Structures are given as C-alpha cells and as structure tokens.
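This structure is a prediction, so every number in the text was calculated from the model and none was measured.
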Amino acid sequence: MSYYGPIRLVGFSDKPTLYRMILPQRGYIYVKCGADILLNGLKTDLGAEARCPVCASVTRFHVVKRQVEDLEPKDPILHVVEFGMGAGHVGVECESTHIFDKKDCLTKWLSTYTGKPGLVISLPEYMRSLNQRLPTKYHEREHRSNTTIQSGSQVLNDRKASHDRL
C-alpha cells in the first residue's frame with residue numbers, strides 16, 4: 001500500500017501494469033486494474049493511462065472533482081467484477097477488471113473469458129455510480145480503507161445483466 005499525501009492509494013503496484021495514474025507532485029503510479037484508477041479518483045484529481053489488454057492501445061483521461069474528463073478514445077469500456085465485502089461494502093476483483101479501448105476488444109476478450117460475470121459500463125457511468133454509492137461524509141473525511149472497497153448499493157446489482165447483453 002502506498003500513500004499520496006494524507007491519502008492511501010487503492011490498488012498500488014510497485015511493478016508496471018496496464019494501468020497508470022499521473023498524480024500532481026508525485027508523477028506516475030501503477031495500479032492493479034482500471035477500477036483502481038477510478039477509485040483513487042474519488043479521493044484526488046489525477047491523470048490516467050490504461051492499456052487495452054487485447055490490442056495494447058492506450059486510453060487516456062483525467063479524473064477531476066470525481067468526474068471523468070478528456071477521454072481519448074471517446075468511448076472506452078470498463079469490465080468490472082465486484083464482490084461483497086460485508087454489509088455496505090463492495091470489493092473489486094482486479095484480475096477480471098479491465099478498460100478496453102473499443103467494443104471489439106471487449107467482445108474478443110469475453111470470448112475466452114471464463115471468470116465471474118462482470119458489469120460492462122462506460123468510465124463516466126461507473127464513476128457516477130461510485131459517487132452515488134458513497135456516504136455523504138466520505139468526501140469530508142479521509143478514507144482509511146486497506147483494500148479496494150467502497151460503499152455498496154443496488155446501483156451495480158441492477159446493472160449486472162449488462163454483461164450478458166453484449
């Protein structure tokens with residue numbers, strides 16, 4: 001686990017991965033999966049680069065004030081597998097959570113994927129769902145989580161079926 005100022009980074013990796021954040025006054029930081037970038041974006045503004053696990057194209061974006069901005073390409077897709085962590089919490093399974101630069105790459109990856117079904121969602125939509133699931137006090141206090149967890153709600157449960165509709 002790594003610290004950035006007063007906050008603990010979610011999903012920190014000391015080895016290069018497909019997912020890299022650019023933090024002001026800290027530089028490049030690798031995280032374990034695409035969702036980790038967005039989870040960290042709940043706590044600090046950042047730049048991000050995600051390499052598609054299928055074609056290796058890079059998706060770039062910023063998270064500013066807990067909103068995804070400046071997406072390039074314009075419509076990358078997140079496949080995220082969440083699991084319950086007890087009452088009111090959800091964890092992310094990073095091995096199955098990726099950002100794809102285009103739908104064709106996601107479809108190709110899913111054709112050989114044998115893991116748990118995940119949610120297929122745009123990055124801005126997933127960020128909005130994370131924001132909706134946070135308690136109001138979250139933004140007023142330091143988040144002290146030791147793992148990739150966030151407050152849960154029915155928002156993602158209602159959307160789980162999107163994986164099967166592809």
Side-chain angles (χ1 to χ4, degrees), residues 1-2 8-23 28-64 66-85 89-133 145 147-153 155-166:
M1 191 62 57
S2 181
R8 186 175 299 191
L9 296 175
V10 175
F12 171 79
S13 175
D14 56 358
K15 297 176 185 170
T17 69
L18 298 174
Y19 305 99
R20 188 165 75 162
M21 300 184 310
I22 302 99
L23 300 172
Y28 293 106
I29 303 286
Y30 288 98
V31 291
K32 295 176 183 169
C33 66
D36 288 341
I37 294 171
L38 300 174
L39 292 167
N40 283 299
L42 293 168
K43 299 179 277 183
T44 188
D45 293 348
L46 55 88
E49 296 176 348
R51 191 165 297 279
C52 178
V54 174
C55 71
S57 291
V58 175
T59 296
R60 290 181 175 84
F61 60 97
H62 292 93
V63 179
V64 179
R66 297 181 304 275
Q67 306 252 343
V68 174
E69 298 181 352
D70 306 322
L71 276 168
E72 187 58 43
K74 297 291 182 202
D75 54 358
I77 302 166
L78 176 69
H79 177 271
V80 58
V81 174
E82 292 187 342
F83 55 90
M85 297 285 294
H89 292 90
V90 174
V92 176
E93 184 178 290
C94 280
E95 297 80 24
S96 302
T97 298
H98 295 289
I99 295 174
F100 298 89
D101 66 321
K102 56 188 171 271
K103 187 176 180 179
D104 288 348
C105 288
L106 170 66
T107 302
K108 184 174 183 177
W109 182 80
L110 285 173
S111 71
T112 60
Y113 175 67
T114 58
K116 296 176 186 171
L119 173 67
V120 175
I121 189 169
S122 74
L123 276 60
E125 262 189 287
Y126 190 67
M127 193 74 195
R128 279 191 294 275
S129 77
L130 290 173
N131 278 306
Q132 290 172 357
R133 292 186 280 159
S145 172
T147 60
T148 307
I149 58 174
Q150 297 299 321
S151 297
S153 76
V155 173
L156 286 181
N157 292 338
D158 295 341
R159 296 182 181 169
K160 292 283 186 195
S162 69
H163 176 275
D164 298 324
R165 288 193 299 253
L166 276 178

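Here the OG1-OH distance, from Thr107 to Tyr113, works out to 14.5 Å after rounding to the nearest 0.5 Å. The CD1 atom of Ile37 lies 8.0 Å from the CG atom of Leu123; values are rounded to the nearest 0.5 Å. Considering CZ of Arg20 and CD1 of Ile29, their distance stands at 11.0 Å, rounded to 0.5 Å. In this structure, NE2 in His98 is found 12.5 Å from SG in Cys105, a value given to the nearest 0.5 Å. Residue Leu18 holds its CG atom at 11.5 Å from SG of Cys94, rounded to the nearest 0.5 Å. Residue His79 holds its NE2 atom at 12.0 Å from SG of Cys33, rounded to the nearest 0.5 Å.
Side-chain contact check for Pro124 versus Leu71: some heavy-atom pair is nearer than 4.5 Å. At a threshold of 4.5 Å between non-hydrogen side-chain atoms, the residues Val64 and Asp70 do not count as touching.
Shown here for Val81 and Pro117, the closest heavy-atom pair between the two residues is CG2-O, 4.1 Å. Between Thr59 and Pro76, the closest heavy-atom pair is CG2-CG, 3.7 Å. Leu42 approaches Met127 most closely through the heavy-atom pair CD2-CE, 3.6 Å. In terms of heavy atoms, Tyr19 sits closest to Ile99 at OH-N, 3.2 Å.
For Asp104, the side chain to side chain donor-acceptor pair (under 3.5 Å) test picks out no residue, with sequence neighbours left out. Listed by chain and number, the residues in a side-chain contact (heavy atoms from CB on, under 4.5 Å) with Ile77 are Lys103, Leu106, Val120 (sequence neighbours excluded). Ile22 pairs by the side-chain contact (heavy atoms from CB on, under 4.5 Å) definition with Tyr28, Glu49, not counting sequence neighbours. Contacts of Phe100 classified as ring pair (Phe, Tyr, Trp, His ring centres under 6.0 Å), with partners at least two apart in sequence or in another chain: Trp109.
Among residue pairs with one or both ends in residues 92-102, those qualifying as salt bridge (charged side-chain N to carboxylate O under 4.0 Å, His left out) are Glu93-Lys116; sequence neighbours excluded. Residue pairs meeting the salt bridge (charged side-chain N to carboxylate O under 4.0 Å, His left out) criterion with at least one partner in residues 10-19, sequence neighbours excluded, do not occur; the list is empty.
For the pair Thr17 (side chain) and Val31 (backbone), a donor-acceptor distance under 3.5 Å is present. In this structure, Asn40 contributes its side chain and Leu9 its backbone to no donor-acceptor pair below 3.5 Å. Panel note: side chain Arg51, backbone Ala56; a donor-acceptor pair is recorded below 3.5 Å. His62 places no side-chain N or O within 3.5 Å of a backbone atom of Asp45 that could act as its donor or acceptor partner.
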